[in-house]
Colleague: 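Encoded as structure tokens, here's the structure I'll be asking about.
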Amino acid sequence: MLRRSLTNQRIEYVYIFLSLLLLVALFGFTTDHFLSLQTLSAIMSQLPALTVVTVGMTLVLIVGGIDLSVGSVVALSACIIGTAIVSHDVPMILAVLLGVFSGTIMGFSTGYLIARFSLPAFIVTLGMLEVARGMSYLSSDSQTVYVGSDIQKLALPITGIGISISMIMALLAVISAHFVLTRTIFGRYIIAIGTSETAARISGIKIRPYTIGVFTLSGTLAGLGGLFNLAYIGSADPNTGIGLELSAIAAAVIGGTSLMGGRGSIIGAFIGVLIIAVLQNGLAQLGLSEPSKLIITGLVIIFAVLADRFRRGPNRTDT
Amino acid sequence: MLRRSLTNQRIEYVYIFLSLLLLVALFGFTTDHFLSLQTLSAIMSQLPALTVVTVGMTLVLIVGGIDLSVGSVVALSACIIGTAIVSHDVPMILAVLLGVFSGTIMGFSTGYLIARFSLPAFIVTLGMLEVARGMSYLSSDSQTVYVGSDIQKLALPITGIGISISMIMALLAVISAHFVLTRTIFGRYIIAIGTSETAARISGIKIRPYTIGVFTLSGTLAGLGGLFNLAYIGSADPNTGIGLELSAIAAAVIGGTSLMGGRGSIIGAFIGVLIIAVLQNGLAQLGLSEPSKLIITGLVIIFAVLADRFRRGPNRTDT
Amino acid sequence: MSSALLEISDLSKKFAEPVLRDINFEVHSGTIHGLVGQNGAGKSTLTNIIAGFLSADSGRILLDGRPHTPKTVADANLRGVSLAVQEMSLIDNLSVAENIMLRTFPAEFGIIKERQLLGSARQLAEKVGLGSIDLQRQVSSLTLAQRQLVELAKAISCPFRLLILDEPTAALTEAQTKIIHDLLRGLVQSSRAIIYISHRLDDVLELCDKVSVLRDGILINTRKTCDIDASWLIKEMSESTGEIEEKHCFKGQKSKRLSVLDMVTPRTKNPIDLTIHGGEIVGLAGLAGSGRSELLKAIYGLEERLSGSVKVHLENEQWLSPMNASESVSACVGFIPEDRKTQGVFLGQDVCSNITISSLRRFCTWPKSLDLIKEREAVTALISKLSIVCSSFYQSIETLSGGNQQKALVGRWLMAGCNILLLDEPTRGMDVGAKAALHGELFAFRDRGNGLLIVSSELEELMLLCDRIVVLSDGECSGEFTRHAWSKELILDAAFRAYKVKNTETFNAEKIFD
Amino acid sequence: DGETLPSESPRIALVMKSLANEFFVNMADAAQTHQSENSQQYSLIINGIRNESDITQQVSIIDQMIAAQVDAIVIAPADSKALVPALARASQAGIILVNIDNRLDASVLSEFDLVIPHVGPDNKEGARKVGDYLASILAAGDQVAILEGIVSSINSQARRDGFEEAANARGLIIATIQSASWEQTKAAEITSAVLTQHPRLKGVMAANDNMALGALSAIKQLGRLDEIEVVGFDNISAVNKLVREGEILATADQHGDLLAVYGIEFALDTLAGKEVQYGRKTPVDLITREILQGRD
Ligand SMILES: Nc1ncnc2c1ncn2[C@@H]1O[C@H](COP(=O)(O)OP(=O)(O)OP(=O)(O)O)[C@@H](O)[C@H]1O
Ligand SMILES: Nc1ncnc2c1ncn2[C@@H]1O[C@H](COP(=O)(O)OP(=O)(O)OP(=O)(O)O)[C@@H](O)[C@H]1O
Ligand SMILES: [Mg+2]
Ligand SMILES: [Mg+2]
């Protein structure tokens, strides 16, 4: 099991990693300064929020769900932290906990609705997307809340190590989620539930706590994403994170996660995040017009799943 | 078959229709002028675009796919028609055909990619969403193209009948799609494919042409939606239709369509469209703040699927 | 004998490893040609290739003397090849009538003629013995047996030259099987042929004109059925006699293991009481639709219990009362469902995780992480103990043959340390050898002092395995027999009892057959 | 019964581009305050659209307001031409119209024989002022980048044009113009990429303050706050603070609060039968550190 799964996975990673390298090489050729430390550090500072959100999304996809609300929850968490610090003089640590916890609560409510009433996750989280966005406008009074440089320390590279606390936390999230998925009962159970709920129930797995658990995790990670976003920009914008859910899903799927549940890889999803970040950065360095950027982004997404298909062979059919 | 399926379906409609009436009554009580002919005519003039897009989406969902690109395709079609008329002096009929046909082509390409390479529809149409949006910026030079009142005649109520050509066409689309779904081989086959692709293949149904056909239809209907949008506004906006796909999916699911494929109703989806339109209209007449509107919209969506679940009983599990 | 309708030469097919090797095979017009072989021998693969669902790697197929290389099932249909598959191809969201007529909707300009559809479907349904079923029901509401009959009706709905039936009677009772056989005899005319796959060798010998034996992807032998008998077939299939000595001695201590008290399910009329002792195999017999599966699920905690309870007895006079599946597993009760594919195994996951899913706690080390090496060792040991045929334990479970999938499911519960096992149709669709092997495992399980409750539609199987047989009839308990005090007639009589008592005049075939 | 009953006070609808954007929220707040101070005189319904450039939704809102039989509509149009046909419908229904913020297109108005009073600032002019100020700090030949909003939005286009004019007039070199869709995060990402590609960049001109905030954070991240100046537009409170602290060089204030109030007053005057035909241009003020310190 150990040996083989490692080899299998390594091969999966190799292919998608090659796509990433190809993209990097492409931008290296077409721009002057893409292959530079500065680009690396720019990309690194953009990664944390999308990374943690994608980790949560991957787990949700594996258990057979989907979470469209993450972008709004990121905004909600950022606004709660920002408003707490600025308008209510809450100490930063407490404010951060409050923000992340708001994500936990949103995730738990979503999971509870889905698991308790067997509702379609797509629609429940679509509703939650609106609700969380409305709440983030409410909590910030629809204003951009400037928090200042204290919180930005999270996003600044630590001298000596060269990467920021946000990034370290995001990497920790990747590693622990990978561990949970491959080496714990929780991981096996969510894979089983995502593969076949009936078979999982017959095997003695309780469906509800695991479904709720995964959505709660995704909400919490989105709350953390809000913190990282806030730390990156230094101000909380209730309009942030629109469309983030689609980037996260794209990253997860490019990284080999199935939208049908039961199959997915955290490391793959992280490489998917890197691909998206490199793409955005490279296109901005190229300075292409907005239409061209959109068209290229769309084509790269399609190309990435196409490449994945050719690697995997045509047998597996997802929706 | 005939008698039986009719009875079943009628019951489904009754329940969702009651939700609609409840909503109307609610707004009737809380606002002064909601129950008026003007409100009716305002709603009627907003319906056609969302209606045809939802019809396409419902068919796509039934065949087991999803189409996230419809909003962008609506914009693309509107921009192509607008630019053709204004900048290239193309006769209106020809321009309209061109615009709708652009939707057909987008739909066909999407369907071809999905069916030929068995790619996940979610990701392919996510890519197409970006591509079509980029193309609509390109075709309109990122400007709102003012077309004028000629094309608006489509959207104006015909004296005597009281409804517009757009609306008549949209209703025709609803009726014919309902007919196709319930009374033709094509309809049965897409239900079969959506229920189980393998079973359909073993039964001797060719999957590809039907999948491609349904996506092409959805693209064409989105193209038509672009025309109706253009006719409603009188100008083509390359930014129109953002998020339309989510409204269309919500309408379809509220109307009883399963996101897992194989089950759905066009009439139900149309009532779903009405619910969404009534909700928007009523909230605007109430003049609530933006946050409250968002939160109410989200809760209504969740409540609608919850009500549907209680009616259907807890057995069916969708994602 | 007339000329060859189907001629296959040097056909090979490989998945992960070769599944069919240089098959040479002929089917003549006017015959019913049997195809037998162990689980995984390649029967379904071969027929799926002929029917266009799979493509061969090499070799040649001639149909009517012309090359036959269908790319899709639809292509093969056009050439007159019709297939009824083992894992059924019914569309749950369509009605019975629509499923039957799926290939040949009566239509004008693509618009379906409803009346004609119903009429034709009715005729076909009657032919297969589904005479009085409501054709407008969704097929998802049918029992397995009914679904199998619908599948058959669907296969004969379009004009065919070659009809391929992959285990058409696996879920049917004897009476239903007889109707089907009569139908098939009538269908074979001078220009048609039927390929008939079954593990019921007596059926094959009785029905078919010729029979071919597949073993490990090689076509070993083709004979006329009049020249051979079942033991010859078994020998050819497996190179061994496949006989198992009956170990029907109930030698366990008579301690109660599981008792069911006043169980009422939606289908039952009267409360049901049942006790399983350690070292005992209890059978649950009854006609199709009599509510056996439902009772089993209710005991396990999957199905709704209207009232009643289950007690799992522990060593020290104490007992547990599991309310749902996960509590049952904690109480060391295991369940293997009748629908292996959708409810039993996790398709797409490897053999290893399919086996260990219910016993992961055993492999947990501090801090809550799985010891993959320990897991691997345990699974390897189990695979060799149960002799599950797979290339490795990380092979995807859906690529295993049905029999081996079933063994893996038994393995799941052995791994979980169950001492009570509930099995629903455990050997459906399994060959003689695999069946015997599974039976051996069940006996061994019993002999370790564990209790079993088995539902099977094959009375012979129950009579071979069980120490006691409880009979359900139309949702009520209509008899209980112990070994040596039963006979086939007595059991059948009990199985029919509720239907007869209820209304002797309107006692109709449907009640029995559906 | 579209005409007001004598006993009923008139209902005015304020239709805006967004209610999720600080500029318009301030506008709405000011209008709300005005209404509560004059609650005898009129009642107010405020609506905004979800996405600043979703014209369709704004047209729907106008139709909904016609259906709600309001007496006057004060609108900040999301597009100068596209809204006119819908406003013509409103006018036909006897509703008084006032145009605030961007000006509706004169030629299309005349096509519909409409005269709608306008109260509003000149976005392009404002952007030019901000651009000029940036240029006065930088030297001719310095490189600047422009961040525009959603490319098809008229505000974005006007401000971009104003920045461009100022830069060209003062000899600044425009290194790149890219859209960050009005968003902070996107602006930060694009700015860091642009800074890599154009290491000698000296200034970033953002078409709104949120994008300016994003650009600022990217610059801080790279530790180049001393070398690069950022200007924005809108004077939202967060940026106002940063201008004061000297991190952002300048922004522009369009006095959104006044806009809505002026618009409502126009409408009330018209309803009262006074003749108000003319537009009223509102000021766009340059906001810099000196100016703010001067005000204190
Ligand atoms: N899609 C697949 N991928 C890989 N291997 C497969 C696949 N389908 C079947 N096999 C393998 O091919 C072999 C033959 O399978 P097949 O289903 O033809 O056997 P069979 O004779 O029909 O068995 P049974 O009696 O159990 O139905 C088995 O070992 C099986 O594991
Ligand atoms: N004659 C019938 N009347 C009413 N319901 C029936 C009948 N036959 C079957 N059913 C329904 O179908 C299901 C069949 O019950 P169950 O599966 O427990 O029967 P079974 O004895 O296991 O039959 P099978 O051999 O077909 O699996 C029940 O849920 C019941 O609701
Ligand atoms: Mg088989
Ligand atoms: Mg059963």
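Numbered from 1 within each chain, the chains take letters A, B, ... in sequence-line order. Quick caveat, the model's predicted, so the values are computed rather than measured. For the numbers below, each heavy atom of this structure counts, side chains included, while hydrogens, waters and symmetry mates do not.
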Colleague: I'd like to know whether Ile123(A) forms a side-chain contact (heavy atoms from CB on, under 4.5 Å) with Ile302(B), so could you lay out the CA-CA distance, the side-chain angles of the two residues, the decisive distance to 0.1 Å, and finally the verdict.
Modeller: CA-CA 7 Å; Ile123(A) 296 296; Ile302(B) 295 175; over 6 Å; no
Colleague: Find the one option among Leu299(A), Ile249(A), Thr297(A) whose heavy-atom pairs under 4.5 Å with chain B are most numerous.
Modeller: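 With the most close heavy-atom pairs to chain B, the winner is Ile249(A).
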Colleague: Compare every heavy atom of Val253(A) with every heavy atom of Pro120(B), then report the nearest pair and how far apart it is.
Modeller: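 Distance-wise, the nearest heavy atoms are CG-CG1, 4.4 Å.
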Colleague: Ignoring hydrogens, what is the shortest heavy-atom contact between Ala250(A) and Leu126(B)? Give both atom names and the distance.
Modeller: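 Closest approach of Ala250(A) to Leu126(B), heavy atoms only: CB-CD2, 3.9 Å.
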Colleague: Who are the salt bridge (Lys or Arg N to Asp or Glu O under 4.0 Å) partners of Glu130(B), not counting sequence neighbours?
Modeller: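 Partners of Glu130(B) under the salt bridge (Lys or Arg N to Asp or Glu O under 4.0 Å) test: none.
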Colleague: Heavy-atom pairs under 4.5 Å with chain A - which of Ile296(B), Thr125(B), Leu246(B), Val300(B) has more of them than the others?
Modeller: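 The option with the most such pairs is Leu246(B).
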Colleague: Is there a side-chain contact between Leu119(A) and Leu306(B), using heavy atoms and a 4.5 Å cut-off?
Modeller: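 Side-chain contact under 4.5 Å: yes.
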Colleague: Distance-only check: which donor-acceptor pairs under 3.5 Å involve side-chain atoms of residues 109-117 of chain A, not counting sequence neighbours?
Modeller:
residue, atom, partner, partner atom, Å
Ser109(A), OG, Ile105(A), O, 2.6
Thr110(A), OG1, Met106(A), O, 2.7

Colleague: Work out which heavy atom in Ser142(B) is nearest to a heavy atom in Pro291(A); give both atom names and the distance.
Modeller: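 The pair with the smallest heavy-atom distance is OG-CG, 4.4 Å.
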Colleague: Heavy-atom cut-off 4.5 Å, strictly under: side chain, backbone, both or neither for Leu138(A) against chain B?
Modeller: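 For Leu138(A), the contact with chain B is made by backbone and side chain together.
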Colleague: Step by step, work out the side-chain contact (heavy atoms from CB on, under 4.5 Å) result for Tyr137(B) and Ile295(A).
Modeller: CA-CA 10 Å; Tyr137(B) 283 141; Ile295(A) 293 176; over 6 Å; no
Colleague: Which value, rounded to the nearest 0.5 Å, describes the distance between Met260(B) atom CE and Met260(A) atom CE?
Modeller: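 The distance works out to 5.0 Å.
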